[in-house]
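Input: a single structure, listed below in structure tokens.
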Amino acid sequence: TKESAIAHLLAYPNPFNNDLEVAYHTGNLQGVTELRIYNLQGLLVKDVALGNVPVGSISINMATYSPGLYLVQLVNNGSILKTQKLLKQR
């Protein structure tokens, strides 16, 4: 799928231990926005509803999740805008 050139996603620190900060901007898109976090097996492990808020930042606690690689996706009205790969350390 083609990602949006105007949307912005920054998840940090990378690598992270327990807490993940995510800053996002959907550009000029309106509608329902969410963050989806997948493990490398493709399983959705966390879904954070952001509502109709086109820009913001959020802190996500990942302390109970296993170490390894995760994909964070910024999604607007069901369409993937941006994807970022992150490493959770032990």
Side-chain angles (χ1 to χ4, degrees):
T1 60
K2 187 175 177 215
E3 291 193 341
S4 170
I6 54 173
H8 178 74
L9 172 66
L10 176 62
Y12 60 94
N14 190 13
F16 69 99
N17 290 319
N18 293 323
D19 294 314
L20 188 58
E21 301 294 326
V22 182
Y24 67 93
H25 193 303
T26 62
N28 58 4
L29 297 175
Q30 300 297 315
V32 179
T33 303
E34 60 185 313
L35 288 172
R36 295 179 186 165
I37 302 178
Y38 293 89
N39 64 19
L40 274 197
Q41 288 73 41
L43 184 69
L44 179 66
V45 296
K46 196 161 190 75
D47 190 0
V48 181
L50 302 171
N52 196 2
V53 182
V55 61
S57 62
I58 187 170
S59 180
I60 300 173
N61 185 286
M62 298 280 291
T64 60
Y65 294 85
S66 300
L69 287 171
Y70 290 87
L71 296 177
V72 179
Q73 290 184 337
L74 177 64
V75 180
N76 179 267
N77 290 333
S79 296
I80 299 167
L81 301 181
K82 291 288 181 185
T83 304
Q84 184 178 343
K85 191 184 296 182
L86 294 166
L87 175 64
K88 182 179 190 305
Q89 294 182 320
R90 296 194 190 310

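Hydrogens, waters and symmetry mates play no part in the numbers below; they use all other heavy atoms, side chains included.
- Under the rule for a side chain to side chain contact (heavy atoms under 4.5 Å, CB included), the partners of Asn18 that lie at least two apart in sequence or sit in another chain are Ala63, Lys88.
- Both Met62 and Val48 belong to a single network of hydrophobic side chains, linked directly or stepwise wherever heavy atoms of I, L, V, M, F, W or Y lie under 4.5 Å apart.
- Rounding to the nearest 0.5 Å places NZ of Lys82 at 9.5 Å from CD1 of Ile6.
- Scored by the side-chain hydrogen bond (donor to acceptor under 3.5 Å, both in side chains) test, Ser59 finds Glu21 as partners (sequence neighbours excluded).
- Applying the side-chain contact (heavy atoms from CB on, under 4.5 Å) test between Val22 and each of Leu9, Leu74, Leu86 identifies Leu9 as the sole match.
- Partners of Ser79 by side chain to side chain contact (heavy atoms under 4.5 Å, CB included), not counting sequence neighbours: none found.
- Contacts classified as side chain to side chain donor-acceptor pair (under 3.5 Å) and involving residues 42-52 (residues at least two apart or in different chains) are not found.
- Under the 4.5 Å side-chain heavy-atom criterion for ILVMFWY residues, no single connected hydrophobic cluster contains both Val72 and Val55.
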Throw together a table of side-chain donor-acceptor distances under 3.5 angstrom for residues 27-37, partners on residues two or more places apart or in other chains.
residue	atom	partner	partner atom	Å
Thr33	OG1	Asn76	ND2	3.2
Glu34	OE2	Arg36	NH2	2.9

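- With hydrogens and angles disregarded, a donor-acceptor distance shorter than 3.5 Å links the side chain of Tyr65 to the backbone of Val45.
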Could you pull out every donor-acceptor pair under 3.5 Å between side chains of residues 10-17 and any protein atom, sequence neighbours left out?
residue	atom	partner	partner atom	Å
Asn14	OD1	Leu87	N	3.0
Asn14	ND2	Lys85	O	3.1

